[in-house]
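Notes follow once the structure below has been shown.
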Amino acid sequence: MRRSRRNRASSAIRDLVQETTLTPNDFISPLFLLEGTNRKSGIASMPGVFRLSEDLMCEEIEACLKLGIKGFVIFPVVEASYKDKYASKSHDPEFFYLMSLRRIKDKFSKALIITDAAMDPYSSDGHDGVVEGGRILNDETLEILGKMALAQAATGVDMIGPSDMMDFRVSHIRNILDKNGFSETGIISYTAKYASAFYGPFRDALDSAPKFGDKKTYQMNPANSDEAVLEAELDFNEGADVLMVKPALAYLDIIQRLKNAFHIPIAAYNVSGEYSMIKAAAERGWLNAEEAMMESLLAIKRSGADIILTYFAKDAARFLKNQ
Ligand code: PBG
């Protein structure tokens with residue numbers, strides 16, 4: 001008689017038949033950069049995550065590298081006085097974010113440094129595009145995005161992460177990079193990025209929530225799956241090196257569909273709200289944070305993600321090391 005429990009009888013057999021394994025090579029750690037030195041500030045809705053100035057961020061990157069984490073996405077925390085309608089600071093080479101990126105990349109030449117290319121952290125409207133009469137303009141946004149991506153590439157970072165869901169952003173950025181001698185700078189595209197409630201804590205971290213309305217005219221409807229495949233076809237054809245699904249846990253079916261349909265790496269962004277839910281429940285003693293973290297990350301990988309962006313990167317790598 002076939003008895004499935006025989007293959008679960010001891011930890012030895014369970015380990016032997018385990019189909020999915022996490023390693024620190026799977027993780028990218030998102031970091032929030034503050035201007036200045038020796039600055040560290042907590043984010044109320046993301047316990048354990050801090051905004052860090054460059055010097056402290058370098059220590060953090062060092063600690064992550066020691067644990068085997070090799071990829072980092074760095075987001076700028078932009079003070080309100082620097083924000084404007086056209087996200088001008090995003091491509092000002094003197095802006096602290098771009099200056100820090102260059103030094104960080106110089107210092108950690110072997111790490112994979114990724115930037116986020118979208119207007120929202122720099123926009124006084126809190127939107128990912130140029131706003132006119134309450135509408136988010138696509139092609140006008142591309143112009144700014146191109147300048148932003150070029151300024152970021154010029155710092156030496158390895159990959160640009162267009163995260164705004166504007167049409168043609170990948171081809172626009174790819175062309176500009178190629179024309180300016182940055183054909184080796186990669187593009188990790190936020191391909192299927194849904195208009196999600198799970199970004200709330202991130203918008204607290206960067207103070208980047210939309211000043212009016214929502215992001216539904218550019219980010220995707222959570223009800224749609226075929227549309228994610230269309231977005232992936234477009235990004236693939238426009239030259240994206242990696243396709244990303246975001247958020248991760250509520251969209252495992254999308255990760256799986258893209259993994260099956262495309263033969264380039266698939267990334268999943270285990271977003272701020274997904275992190276905060278586990279942390280908040282654990283603070284109340286309602287679940288075990290470590291177990292819930294590892295189970296979530298395993299599920300994301302099992303669904304087909306080759307790369308996982310997660311605020312748990314360091315905790316998970318530490319857990320794996322001590323196993
Ligand atoms: C910016 C951006 C967002 C996130 C990553 N890049 C916020 C948004 O689109 O509103 C969210 C990340 C997270 O929640 O962890 N375009």
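All residue numbers in this chain count up from 1 along the given sequence. Order of appearance sets the numbers: ligands from 1, and atoms from 1 within every ligand. These numbers come from a predicted model, not from an experiment.
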Test side chain to side chain donor-acceptor pair (under 3.5 Å) applied to Ser225 - qualifying residues, sequence neighbours left out: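 Residues passing side chain to side chain donor-acceptor pair (under 3.5 Å) with Ser225: Arg257.
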Side chain to side chain donor-acceptor pair (under 3.5 Å) against Asp164, all qualifying residues, sequence neighbours excluded: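 For Asp164 there are no side chain to side chain donor-acceptor pair (under 3.5 Å) partners, ignoring immediate neighbours.
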May I have the list of side-chain donor-acceptor pairs in residues 281-291 shorter than 3.5 Å, sequence neighbours left out?
residue, atom, partner, partner atom, Å
Asn288, OD1, Glu290, N, 3.0
Asn288, OD1, Glu291, N, 2.9

Polar contact flag, side-chain donor to acceptor under 3.5 angstrom, Thr37-Asp55: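 There is no such pair (donor and acceptor under 3.5 Å, judged by atom type) between the side chains of Thr37 and Asp55.
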Sorted by chain and number, the residues that approach ligand 1 to under 4.0 Å with a heavy atom: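 If the criterion is a heavy atom under 4.0 Å, then ligand 1 touches Phe75, Asp116, Ala118, Asp120, Asp128, Ser163, Lys193, Phe198, Tyr199, Phe202, Arg203, Lys215, Gln219, Lys246, Tyr269, Val271, Ser272, Tyr311.
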Aromatic ring pairing Phe32/Tyr311, orientation class (parallel under 30°, perpendicular over 60°, tilted between):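 Parallel.
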Ring-ring centroid check Phe95 Tyr82, cutoff 6.0 Å: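 That pair passes the under 6.0 Å test.
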